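All remarks here apply to the structure that follows.
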Amino acid sequence: MLPFWAAAQNYQLKPLVTDAKISMRGLSVVNKKIIWVSGTKGTVGKSTDGGKTWQWLQPKGYDKLDFRDIQAFDQNKAIVVNAGSPAYILSTIDGGKTWRENYKNTDSAAFFNGMDFWDGQIGMAFGDPINHKMQLLRTDDGGLTWKNISEQLKQPMEVGEAGFAASGTSIKTTGNGKVWIATGGVVSNIYHSVNYGKSWKVFKCPILQGESSTGVFSIDFWDENNGVAVGGNYLNDKDNQNNVLLTTNGGKKWKKPTQPVSGYRSGVTFVNKNLLVATGTSGTDVSTDGGQRWQNISGLSFNAVKAADGLVILVGGKGQVYKLEPQL
């Protein structure tokens with residue numbers, strides 16, 4: 001990790017884009033140079049210079065879709081998934097010049113919330129339940145084909161339990177086959193697999209829950225044990241009574257931090273083991289001690305945050321892309 005993060009005491013948000021004319025929830029930070037974003041009006045954005053300049057793309061024939069999540073691998077290859085029905089997964093291997101439709105589901109209940117990849121070939125997407133069963137897709141060929149593996153999760157979801165497509169980050173893959181999926185609504189659960197989705201365990205998550213607008217909206221794990229979950233109630237986004245939790249045993253048990261975030265949060269990311277950033281419509285918080293104490297640094301509204309190689313990017317619903325910078 002870049003050493004200047006360790007020396008910083010305060011942080012600021014620097015605008016990179018403020019007028020994209022779309023709402024953005026999808027975000028993929030590949031490295032300190034390559035950033036992909038996605039959002040409404042079937043729009044995808046790409047920067048190859050750390051956010052200084054942007055290219056805006058619109059896959060032909062899909063301009064009415066809301067691309068809630070994007071996974072990029074380099075400046076040429078990216079995969080997008082939309083929210084709602086029909087549900088699509090598209091991919092490009094030429095930097096967005098052309099797109100291929102890799103998956104389509106016309107079921108009126110189809111609604112995918114996000115995806116994540118273990119490597120360049122194996123990935124998983126998940127969606128809201130159909131007939132009480134969480135929808136799970138897995139690809140083993142880099143997103144070209146997707147197999148429905150929903151039957152491998154035996155436990156049915158409860159009535160009123162679902163995922164959130166607020167930032168595409170309520171699913172997290174890591175290591176050799178480990179994946180966590182978080183839900184909310186009437187109840188909030190953590191679904192965990194250690195074998196690429198072949199079998200699952202379910203853990204209760206004691207975050208704010210009980211209403212359709214509550215639960216876990218984003219998770220991240222530093223390693224197979226240490227993770228963070230954020231959420232709350234997006235209809236009451238300044239309420240911070242119970243919307244951030246930490247785990248040290250892979251999601252089995254969750255505890256409140258010493259000092260919480262300052263409101264509903266729909267995105268959270270580890271920058272390094274100690275530095276975390278959480279964001280949402282009521283602001284952004286930073287923790288420098290592994291998530292125990294959070295400091296609010298901005299009241300600006302964002303949907304998602306991601307980090308790679310020391311570059312921390314945030315995107316929001318009013319066409320904005322920002323960069324987190326340390327104040328030395």
Side-chain angles (χ1 to χ4, degrees), residues 24-31 34-39 42-48 55 57-63 65-107 110-128 130 134-153 163 165 167-181 191 193 195-198 219 304 306 308 315:
M24 286 176 275
R25 295 183 183 273
L27 172 61
S28 185
V29 183
V30 179
N31 53 43
I34 301 171
I35 311 161
W36 291 71
V37 300
S38 66
T43 302
V44 174
K46 180 181 71 169
S47 175
T48 58
Q55 179 183 5
L57 314 159
Q58 201 173 45
K60 188 176 181 181
Y62 302 92
D63 57 319
L65 299 184
D66 185 356
F67 293 132
R68 294 289 183 93
D69 196 12
I70 185 166
Q71 176 80 34
F73 302 88
D74 51 40
Q75 65 182 2
N76 293 314
K77 181 179 178 180
I79 300 170
V80 290
V81 59
N82 72 299
S85 177
Y88 295 93
I89 299 178
L90 312 178
S91 67
T92 180
I93 57 173
D94 58 10
K97 296 174 185 175
T98 60
W99 295 82
R100 172 176 170 174
E101 182 183 301
N102 303 120
Y103 174 85
K104 181 179 180 180
N105 189 338
T106 58
D107 191 310
F111 193 104
F112 280 88
N113 298 299
M115 62 182 165
D116 203 7
F117 277 69
W118 286 275
D119 52 37
Q121 295 298 309
I122 308 174
M124 181 176 289
F126 90 101
D128 284 349
I130 297 178
M134 180 188 290
Q135 296 302 292
L136 294 168
L137 303 177
R138 191 179 68 214
T139 179
D140 298 314
D141 56 11
L144 292 177
T145 60
W146 294 82
K147 180 182 179 181
N148 190 322
I149 62 166
S150 304
E151 292 298 326
Q152 294 177 355
L153 175 51
S167 62
T169 57
S170 51
I171 178 172
K172 174 66 178 184
T173 60
T174 188
N176 186 18
K178 295 179 176 63
V179 58
W180 293 263
I181 295 174
Y191 296 81
S193 173
N195 50 19
Y196 299 101
K198 294 177 183 176
I219 55 175
K306 288 281 187 73
V315 296

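Positions are given from 1 along the sequence. Because the structure is a prediction, the values reported are computed rather than measured.
Separation of atoms OG (Ser38) and NZ (Lys46) is listed at 14.5 Å; rounding is to 0.5 Å. We find the CG-CG distance between Leu153 and Leu136 to be 6.0 Å, quoted to the nearest 0.5 Å. The line from CG of Asp63 to CD of Gln58 is 5.0 Å long, rounded to the nearest 0.5 Å. Going from atom CE of Met24 over to atom CD1 of Ile70 covers 11.5 Å, rounded to the nearest 0.5 Å. With rounding to the nearest 0.5 Å, the separation of CH2 in Trp36 from CD in Gln75 is 9.0 Å.
Residues satisfying the salt bridge (charged side-chain N to carboxylate O under 4.0 Å, His left out) test with Asp140, not counting sequence neighbours, are Arg138. With sequence neighbours excluded, the residues forming a side-chain hydrogen bond (donor to acceptor under 3.5 Å, both in side chains) with Ser167 are Thr169, listed by chain and number. Qualifying salt bridge (charged side-chain N to carboxylate O under 4.0 Å, His left out) partners for Arg25, counting only residues two or more places apart in sequence or in other chains: none. In this view, Ala165 and Arg68, Ala83, Phe111, Asn113 satisfy the side chain to side chain contact (heavy atoms under 4.5 Å, CB included) rule, not counting sequence neighbours. Applying the ring pair (Phe, Tyr, Trp, His ring centres under 6.0 Å) criterion to Trp180, with sequence neighbours excluded, gives His192, Phe221. For Asn195, the side-chain hydrogen bond (donor to acceptor under 3.5 Å, both in side chains) partners are Ser193, Ser199, not counting sequence neighbours. Residues satisfying the ring pair (Phe, Tyr, Trp, His ring centres under 6.0 Å) test with Phe112, not counting sequence neighbours, are Tyr103. Residues passing the side chain to side chain contact (heavy atoms under 4.5 Å, CB included) test with Asp119 are Gln121, Ile122, sequence neighbours excluded. In this structure, the side-chain hydrogen bond (donor to acceptor under 3.5 Å, both in side chains) partners of Glu101, at least two apart in sequence or on a different chain, are Tyr62. Under the rule for a side-chain hydrogen bond (donor to acceptor under 3.5 Å, both in side chains), the partners of Asp141 that lie at least two apart in sequence or sit in another chain are Thr139, Thr145.
Contact of the Leu27 side chain with the Ile35 side chain is registered, since non-hydrogen atoms from C-beta on lie closer than 4.5 Å. Taking 4.5 Å as the limit, some side-chain heavy atom of Asn176 sits within range of a side-chain heavy atom of Tyr196. Between Met124 and Ile149, some side-chain heavy-atom pair lies under the 4.5 Å cut-off.
Other residues, nucleotides and ligands contribute only 12 or fewer heavy atoms inside 6.0 Å of the CD1 atom of Ile93.
The two residues Pro59 and Gly42 have their closest heavy-atom pair at CD-O, 3.1 Å. The heavy-atom pair separating Gly26 from Val315 by the smallest distance is O-CG2, 4.3 Å. Scanning all heavy atoms of the two residues, the minimum distance from Gln152 to Gly197 falls at OE1-O, 2.8 Å.
Side-chain atoms of Asp116 come within 3.5 Å of backbone N or O of Thr173 as a donor-acceptor pair. Side chain of Trp146 to backbone of Lys104: no donor-acceptor contact under 3.5 angstrom is found.
Within the structure, the side chain to side chain donor-acceptor pair (under 3.5 Å) test picks out the following pairs touching residues 76-93 (sequence neighbours left out): Ser91-Asn102, Thr92-Asp94.
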Q) Which is it for Leu144 and Arg100 under the side chain to side chain contact (heavy atoms under 4.5 Å, CB included) test, yes or no, and what are the steps along the way? A) CA-CA 8 Å; Leu144 292 177; Arg100 172 176 170 174; 3.7 Å; yes
Q. Under the side chain to side chain contact (heavy atoms under 4.5 Å, CB included) criterion, do Ile79 and Val81 qualify, and how do the steps go?
A. CA-CA 7 Å; Ile79 300 170; Val81 59; over 6 Å; no
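For Phe126 and Tyr191, the ring centers are positioned 6.0 Å apart or more.
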